[in-house]
Peer 1: 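First the structure, which I've put down as structure tokens, then a few questions once you've had a look.
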Amino acid sequence: MKLLMVDVDGVLVHGRPSDGLPLFTYLERDLGLRLEVLQEAFFKTCWIDIVTGRDALEPKLAEVLGKIAPHLGARTLIDYWFENDSRLDHGLLDDLAALRAGGTKMFLATNQEHMRAAYLMNELGLSSRFDGIFYSAALGYQKPAAEFFRLATERVGISASEIGFIDDVEANIEAARHFGWKAMQWTAGSTLQDAVDAFSG
């Protein structure tokens, strides 16, 4: 394995910094908006275009909030969202840093829109820990689409068989393996050594 691709949500990032709870746990209490309403009006109807780069997060969210929560600005909700979905697994980051120091290239491979991708790299400091990021809005496809894996492979310029991948979603693991990557599903008890052993086995 010359290169490791690492998923973000469910692997590197786990919810609220204070307690690890899902990011919108207290959305109604904090911002006066019910999560079910936001899910129906925004995530179920608009998210696919945003996460694949066909639409922009802030203007679309502003449009939706104008109808369902006129009291709430898009930027306020975005800041709340990103800050409450930023609990990093520092143990895993340390293990990844050791592997990278040994010569393994390290990239993020994640379904994100442009603003949060930038937040992850710049505000959470992941740009200093990874050699780059492949994310759905930039590629135009989201995992588990084969095109996501094809484009990421082309851009790193090495054989698919030399790429390792950890992700918490089974469908993404299956798609990566189908494309030729070595892949392991990440669960609560997983360690990076488990993955390294699986990839070299």
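Worth saying up front: this structure is predicted, and the values here are computed from it rather than measured.
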Peer 1: Considering residues, nucleotides and ligands other than Phe107, do more than 12 of their heavy atoms fall under 6.0 Å from its CZ?
Peer 2: yes

Peer 1: Which atom names give the shortest non-hydrogen contact between Phe148 and Ser136, and what distance separates them?
Peer 2: CE1-N, 3.9 Å

Peer 1: For the residue pair Trp81 and Trp47, does the interplanar ring angle fall in the parallel (under 30°), tilted (30 to 60°) or perpendicular (over 60°) class?
Peer 2: tilted

Peer 1: Give a yes-or-no answer on whether the side chains of Gln193 and Thr191 include a donor-acceptor pair shorter than 3.5 Å.
Peer 2: no

Peer 1: Is the closest side-chain heavy-atom distance between Glu58 and Met115 below 4.5 Å?
Peer 2: yes

Peer 1: With a 3.5 Å cut-off and no angle check, do the side chains of Asn172 and Gln185 form a donor-acceptor pair?
Peer 2: no

Peer 1: Any carboxylate oxygen within less than 4.0 angstrom of a Lys/Arg side-chain nitrogen, looking at Arg150 and Glu147?
Peer 2: yes

Peer 1: If the threshold is 4.0 Å, N to carboxylate O, is there a salt bridge linking Arg87 and Asp19?
Peer 2: no

Peer 1: Does CD in Glu154 sit with more than 12 non-hydrogen atoms of other residues, nucleotides or ligands closer than 6.0 Å?
Peer 2: yes

Peer 1: Would you list the atom pairs, donor with acceptor, under 3.5 Å between side chains in residues 67-79 and any protein atom, with sequence neighbours excluded?
Peer 2:
from, atom 1, to, atom 2, distance (Å)
His71, NE2, Leu31, O, 2.8
Arg75, NE, Asp79, OD1, 3.3

Peer 1: Please examine the side chains of Phe165 and Leu4, heavy atoms only from C-beta on, and report whether any two atoms are closer than 4.5 Å.
Peer 2: no

Peer 1: Do Tyr135 and His114 have ring centroids that are under 6.0 Å from one another?
Peer 2: yes

Peer 1: Cut-off 3.5 Å, side chains only: do Trp181 and Ser161 have a donor facing an acceptor?
Peer 2: no

Peer 1: Run the salt-bridge test on Arg100 and Asp131 with the 4.0 Å N-O cut-off and return the result as yes or no.
Peer 2: yes

Peer 1: Kindly write out the residues that satisfy ring-ring contact (aromatic ring centres under 6.0 Å, His included) with Tyr119, not counting sequence neighbours, or none if the list is empty.
Peer 2: Phe82

Peer 1: Identify the heavy atoms of Leu33 and Leu65 that sit nearest to each other, and give their distance.
Peer 2: CD2-CD2, 4.0 Å

Peer 1: Do Asp7 and Lys143 have side chains that get closer than 4.5 Å, going by heavy atoms?
Peer 2: yes

Peer 1: When you look at CZ of Phe43, are more than 12 heavy atoms from neighbouring residues, nucleotides or ligands closer to it than 6.0 Å?
Peer 2: yes

Peer 1: Using atom types as modelled and distance alone, determine if a side-chain donor or acceptor of Glu113 lies under 3.5 Å from a backbone N or O of Arg116.
Peer 2: yes

